[in-house]
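Input: a single structure, listed below in structure tokens.
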Amino acid sequence: MLGRVNHIAIAVPDLSAATATYRDVLGAKVTAPQALPEHGVTVVFVDLPNTKVELLEPLGDASPIAAFLGKNPGGGMHHICYEVADITAARDRLVAGGARVLGDGNPKIGAHGKPVLFLHPKDFYGTLIELEQV
Ligand SMILES: CC[C@H](C(=O)O)C(=O)SCCNC(=O)CCNC(=O)[C@H](O)C(C)(C)COP(=O)(O)OP(=O)(O)OC[C@H]1O[C@@H](n2cnc3c(N)ncnc32)[C@H](O)[C@@H]1OP(=O)(O)O
Ligand SMILES: [Co+2]
């Protein structure tokens, strides 16, 4: 069911500072910020030879990552995104197996313009999983 790792996400308190660190200290290529109000975050992507790193900061006062940053004020690893070929088939298989799909269970369009879903971290060894249909 799982394909490539599409991205590893790091929640940060200050996206422009984190962008500057990845660009200037780590010498990486970083995309321009993308505001995603429907997801309550602003993101940038660090382009790497074999995957991406997503840096994200809260957007608006109902951000799903606010509590995470409250517990990790300096930032921290937030989620891993795996690619899947058929996100509804993956969701149905996961739900049948007892996994919790977050939100209303229907895929939403993510930063790459593709359908995404999130799986509860408590079902996957303390790791928030995002699935992206490619
Ligand atoms: C889609 C656009 C973009 C893209 O790539 O295209 C993105 O990736 S946007 C990413 C931001 N959106 C989301 O994260 C949506 C899914 N997340 C959620 O629904 C919430 O963040 C949730 C439910 C995972 C946690 O919400 P919250 O922290 O408010 O709830 P709790 O405090 O009750 O947390 C429950 C429990 O889980 C632990 N937790 C929370 N976040 C994480 C995490 N990222 N990784 C691991 N564990 C996490 C939290 O500490 C609580 O544990 P407990 O032991 O009970 O204290
Ligand atoms: Co993501």
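Just so you know, residue 1 is the first one in the sequence shown, and it goes up from there. Ligands are counted one by one from 1 in listed order, and the atoms in each one are counted from 1 as well.
Within the protein, the N, O or S atoms sitting under 2.8 Å from the Co ion (ligand 2) are His7 NE2, Glu54 OE1, His79 NE2, Glu130 OE1.
Phe68 belongs to no multi-residue hydrophobic cluster, having no ILVMFWY side-chain contact under 4.5 Å with any other such residue. With a 4.5 Å cut-off between side-chain heavy atoms of Ile, Leu, Val, Met, Phe, Trp and Tyr, the cluster of Phe45 takes in Leu36, Val41, Val43, Leu56, Ile65, Leu69.
Ligand 1 lies under 4.0 Å from heavy atoms of His7, Leu36, His39, Val41, Glu54, Leu56, Pro64, Ile65, Ala67, Phe68, Lys71, His78, His79, Leu102, Gly110, Ala111, Val116, Phe118, Pro121, Lys122, Gly126, Leu128, Glu130.
Between Asp61 and Ser63 the shortest side-chain heavy-atom distance does not fall below 4.5 Å. Leu119 has its side chain out of reach of Leu102: every pair of non-hydrogen atoms, C-beta onward, lies at least 4.5 Å apart. When side chains are defined from C-beta on, Arg91 counts as touching Thr88, because their heavy atoms get closer than 4.5 Å. A 4.5 Å side-chain heavy-atom check between Tyr82 and Glu132 finds every atom pair outside the cut-off.
Under the 4.5 Å side-chain heavy-atom criterion for Ile, Leu, Val, Met, Phe, Trp and Tyr, Leu2 and Phe118 are members of distinct hydrophobic clusters.
Taking OG1 from Thr42 and CD from Gln34, the interatomic distance works out to 9.5 Å, rounded to the nearest 0.5 Å. Distance check: Glu54 CD to His79 NE2 gives 4.0 Å after rounding to the nearest 0.5 Å.
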